[in-house]
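What follows is a single structure, written as structure tokens, with notes after it.
Every chain is numbered from 1 and lettered A, B, ... according to where its sequence line falls, protein lines coming before strand lines.
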Amino acid sequence: NAGVTQTPKFQVLKTGQSMTLQCAQDMNHEYMSWYRQDPGMGLRLIHYSVGAGITDQGEVPNGYNVSRSTTEDFPLRLLSAAPSQTSVYFCASSYSIGSGNTIYFGEGSWLTVV
Amino acid sequence: DAKTTQPTSMDCAEGRAANLPCNHSTISGNEYVYWYRQIHSQGPQYIIHGLKNNETNEMASLIITEDRKSSTLILPHATLRDTAVYYCIVRVADGGTSYGKLTFGQGTILTVHP
């Protein structure tokens, strides 16, 4: 996958803890987004950003915060982790939000909340 | 979003062409068809996309019918490493709550046999 880097790759949290999943891209992409994928299900959009300083909610935003202070970085914050947030998280980016622009995904961050 | 329909699973012999169909009968004129694949919970990998014309790249070919209601992804010489879940996605072109988002369905599980 071209240029989208996620850290950490694996994380175990206790219920109520907070943490940040990091996402960085080096392709000067304006559009970035976070998805989660639960077992046997497709990816669902959590939050997205169309540029630095601009963020918006996707279809499952509750329990997550995002910010976009630079073009390169789009961190996802879990405010108070819950077992329902156990999932695989994927960050994605594209040149712009327009539908002809390819979206590229990171390798994923596996999160377990106990 | 335009809904897509794909077969649940398909088999293919190694070295042969794999033809994966997708129906998208409600697609709008400015919506693109994208194909991604996902191997073993890795990040979704972009394969190809198109609007009206057939497309080819180093990975695959995309054949879109003239009425745009269906398409076929062709992997010309399938290998064991092509075993994956393949997603056909129609991407919204303009505005609205689905703008910029990729809606992943269940996809087609392609198994390539030796």
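The neighbour count for B:Leu51 CG, taken as heavy atoms of other residues, nucleotides or ligands under 6.0 Å away, is above 12. Shown here is A:Lys9, whose NZ atom has more than 12 heavy atoms of other residues, nucleotides or ligands within 6.0 Å. Around atom CZ of B:Arg16, no more than 12 heavy atoms belonging to other residues, nucleotides or ligands sit under 6.0 Å away.
In this structure B:Thr8 satisfies the side chain to side chain donor-acceptor pair (under 3.5 Å) test with no other residue, sequence neighbours excluded.
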**Asked** Run the side-chain contact (heavy atoms from CB on, under 4.5 Å) check on A:Ile103 and B:Arg91 step by step: do they pass?
**Response** CA-CA 11 Å; A:Ile103 292 179; B:Arg91 189 161 171 205; 3.7 Å; yes
**Prompt:** Which is it for B:Tyr36 and A:Phe105 under the ring-ring contact (aromatic ring centres under 6.0 Å, His included) test, yes or no, and what are the steps along the way?
**Reply:** CA-CA 10 Å; B:Tyr36 283 80; A:Phe105 287 82; 5.7 Å; yes
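Proximity of A:Phe90 to B:Gln38: side-chain heavy atoms (C-beta onward) are separated by under 4.5 Å at one or more points.
Side-chain heavy atoms closer than 4.5 Å link hydrophobic residues (I, L, V, M, F, W, Y) into clusters, and following such links, possibly through other members, connects B:Leu80 to B:Tyr86. Connection of B:Met10 to B:Trp35 is established within a shared hydrophobic cluster, with ILVMFWY side chains joined at heavy-atom distances below 4.5 Å, either directly or through further cluster members. Both A:Met32 and A:Val66 are part of a single hydrophobic cluster, where members link through side-chain heavy atoms under 4.5 Å apart. Hydrophobic clustering of Ile, Leu, Val, Met, Phe, Trp and Tyr side chains at less than 4.5 Å, counting indirect connections, keeps A:Leu79 apart from A:Ile46. A:Leu76 and A:Phe74 fall within the same hydrophobic cluster, defined by Ile, Leu, Val, Met, Phe, Trp and Tyr side-chain heavy atoms under 4.5 Å apart, directly or through other members.
The OG1 atom of A:Thr102 sits 12.0 Å away from atom CD1 of B:Ile47, with the distance rounded to the nearest 0.5 Å. Here the straight-line distance linking atom CD of A:Gln37 with atom CZ of B:Phe104 works out to 8.0 Å at 0.5 Å rounding.
Of all residues spanning residues 68-78 of chain B, none has a heavy atom less than 4.5 Å away from chain A's heavy atoms.
With a 4.5 Å cut-off on non-hydrogen atoms, A:Glu59 touches chain B through its side chain but not through its backbone.
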